[in-house]
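All remarks here apply to the structure that follows.
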2 protein chains.
Amino acid sequence: MSNEEKNREDLPRRRSGGKDPSGAEARPRNWLVPVILLSLRDWNSYGYELMERSTRFGFDAMNPGTLYRTLRQMEKDGIVESSWETSRGGPARRMYSITDAGKAYLDFWAKSLEQYQRTMDTFFRMYTGQPLSDDDEKDSGEENSR
Amino acid sequence: MSNEEKNREDLPRRRSGGKDPSGAEARPRNWLVPVILLSLRDWNSYGYELMERSTRFGFDAMNPGTLYRTLRQMEKDGIVESSWETSRGGPARRMYSITDAGKAYLDFWAKSLEQYQRTMDTFFRMYTGQPLSDDDEKDSGEENSR
DNA sequence: GTATATATATGTAAACTACACATAGATATG
DNA sequence: CATATCTATGTGTAGTTTACATATATATAC
């Protein structure tokens, strides 16, 4: 991949923490919130534990700051609730649980993701060479979206 | 201007132009560049036309500024080339064509997208209730990614 | 001649991302 | 007991992205 004399001024678009020098990368966007909600739907949990669980969604080297900040914001938004848990050894944990609003958010997200999948199908069909006729781009992808 | 108090106050994260008040939306991220490259791989084109074509990828009400700025940046990055076309009626068009580097970028992107699809599969499997055992989250999704 | 469609481009506020850094309790080790 | 380490939560901030508003210019329609 020739990313020699690349982008902004002269270098490949390196984001602050970008692992991918080319910038060609499809990474989760706005995924952290849904993933947290999904985890909390099953079991109540806390930041430190959620951080480990989220790795299975591509948040490999999750930065703690990002997670904790997101959790606090989620609580302000009313999609999770929290309370301190001090009845054990070790530092206090802020235990989170999902709210009804959080569950609704999750459902909305899942629906949105289906639309996204259709977009991906459209992309791949075009990428693999099948021309996109003018009357099938609207509902393409249903047959193999999953 | 500390954005600590500003942007995250009391409402679900509303983006500036977000049509979705809840913020629960899976929208293309970094998709504009690949979609442009994909279009240019088939036919050379120019901004105004690309803007219309990109609608089929979920860039419904594409903002012209975003597209033109992206195109200029792509040229700096070496993944497209351009030249003015004045031999016709109407305002001059800046005609773009894809470069070899652009094709390589596209291939890299497509590969990255496959990984993304696996992440989506993981999400949906968890969302629909199938528990994720501790030893299948690493290579899940290969069998039905496409 | 002026209103409209075509076509490209810039200015700027807001928001996102991710690293670096800070804080603090509990436990292990010498 | 001093201090190192693990667990756990949080803040500061630079760099980048996003998207709207706005500006410019050419050709055609009326």
Side-chain angles (χ1 to χ4, degrees), chain A residues 6-9 11-20 23 25 27-33 45-52 54 58-77 82-96, chain B residues 1-9 11-20 23 25 27-33 45-54 58-77 82-96:
Chain A
K6 279 12 205 5
N7 66 0
R8 279 292 169 266
E9 301 313 340
L11 279 175
R13 71 175 52 176
R14 63 242 129 146
R15 319 240 4 237
S16 32
K19 314 142 196 172
D20 173 15
E25 124 184 76
R27 232 186 321 172
R29 171 211 177 90
N30 289 344
W31 271 67
L32 186 49
V33 170
S45 189
Y46 55 98
Y48 200 83
E49 189 182 60
L50 286 166
M51 207 159 50
E52 290 161 8
S54 67
F59 295 98
D60 293 312
M62 154 80 53
N63 186 279
T66 301
L67 177 64
Y68 288 113
R69 198 189 302 258
T70 299
L71 282 169
R72 301 306 296 274
Q73 184 55 41
M74 288 170 72
E75 185 162 23
K76 276 187 193 156
D77 295 349
S82 79
S83 60
W84 284 105
E85 186 202 77
T86 52
S87 59
R88 43 163 287 287
R93 297 165 172 173
R94 190 188 284 274
M95 288 296 291
Y96 285 94
Chain B
M1 183 180 301
S2 95
N3 47 11
E4 219 53 17
E5 327 281 314
K6 295 314 236 10
N7 49 355
R8 340 199 121 199
E9 204 54 22
L11 280 175
R13 59 180 56 181
R14 63 238 134 151
R15 323 222 6 204
S16 43
K19 315 136 194 175
D20 173 15
E25 107 186 276
R27 233 184 325 169
R29 171 211 177 90
N30 287 345
W31 272 65
L32 185 50
V33 170
S45 189
Y46 56 97
Y48 199 83
E49 189 183 58
L50 286 167
M51 207 160 50
E52 290 161 9
R53 282 211 241 158
S54 67
F59 295 98
D60 294 312
M62 154 79 53
N63 186 280
T66 301
L67 177 64
Y68 288 113
R69 200 189 300 263
T70 300
L71 282 169
R72 301 307 296 273
Q73 185 54 42
M74 288 170 72
E75 185 163 23
K76 275 187 197 156
D77 296 348
S82 78
S83 60
W84 284 104
E85 187 203 77
T86 52
S87 59
R88 45 165 283 288
R93 299 165 171 172
R94 191 187 283 276
M95 288 295 290
Y96 284 94

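Bear in mind that the values here come from a model prediction, so they are computed numbers and not experimental data. Here is how names work: the chains are called A, B, and so on, in the same order as the sequence lines, proteins then strands, and each is numbered from 1.
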field: Distance test, side-chain N/O of B:Tyr46 to OP1/OP2 of C:dT8, below 4.0 Å
entry: no

- request: Start with the C-alpha gap between A:Arg93 and A:Glu49, add the side-chain angles, then the distance that decides, and say whether side-chain contact (heavy atoms from CB on, under 4.5 Å) holds.
  value: CA-CA 10 Å; A:Arg93 297 165 172 173; A:Glu49 189 182 60; over 6 Å; no

- prompt: Is there a side-chain polar atom (N or O) of A:Tyr68 under 4.0 Å from OP1 or OP2 of D:dT9?
  reply: yes

query: In whole angstrom, what separates A:Arg94's CZ from D:dT7's C1'?
result: 16 Å

query: Side chains of B:Tyr46 and B:Met95: does their closest heavy-atom pair fall under 4.5 Å?
result: yes

Spacing of A:Arg93 atom CZ relative to D:dA8 atom P, expressed in whole Å: 4 Å

task: Specify the separation, in whole Å, of atom CD of A:Glu85 and atom P of D:dA8.
output: 10 Å

- line: Heavy-atom nearest pair, B:Ser82 first then B:Arg94, reads OG-NH1, 3.2 Å

query: A:Met51 CE to C:dC19 P: how many Å, rounded?
result: 13 Å

- request: Encode nucleotides 22-30 of chain D as B, S and - characters from 5' to 3', where the letter depends on protein heavy atoms closer than 4.0 Å: B to the base, S only to sugar-phosphate, - to neither.
  value: ----BSS--

- prompt: What's the NZ-C1' distance between B:Lys76 and C:dT10, to the nearest Å?
  reply: 12 Å

message: Output the rounded distance in Å from CG (B:Leu67) to P (C:dT8).
response: 9 Å

message: Between C1' on C:dT8 and CE on B:Met95, what's the gap in Å once rounded to a whole number?
response: 14 Å

- request: For B:Arg72 and for A:Thr66, find the nucleotide of DNA chain C with the closest heavy atom, then tell me which residue's nucleotide is more 5'.
  value: B:Arg72

Euclidean distance, A:Leu32 CG relative to A:Met74 CE, rounded to 0.5 Å: 7.5 Å

query: Under 4.5 Å between any side-chain heavy atoms of A:Leu50 and A:Leu71, yes or no?
result: yes

query: With no angle test and no hydrogens, is the base of D:dG12 tied to the side chain of A:Arg69 by a donor-acceptor pair under 3.5 Å?
result: yes

From A:Glu85 atom CD to A:Tyr96 atom OH, the distance as rounded to the nearest 0.5 Å: 13.5 Å

task: In whole angstrom, give the distance that lies between atom CD of A:Gln73 and atom P of C:dA15.
output: 11 Å

- line: Rounding to 0.5 Å, atoms CG (A:Leu67) and CZ (A:Arg69) come to a distance of 11.5 Å

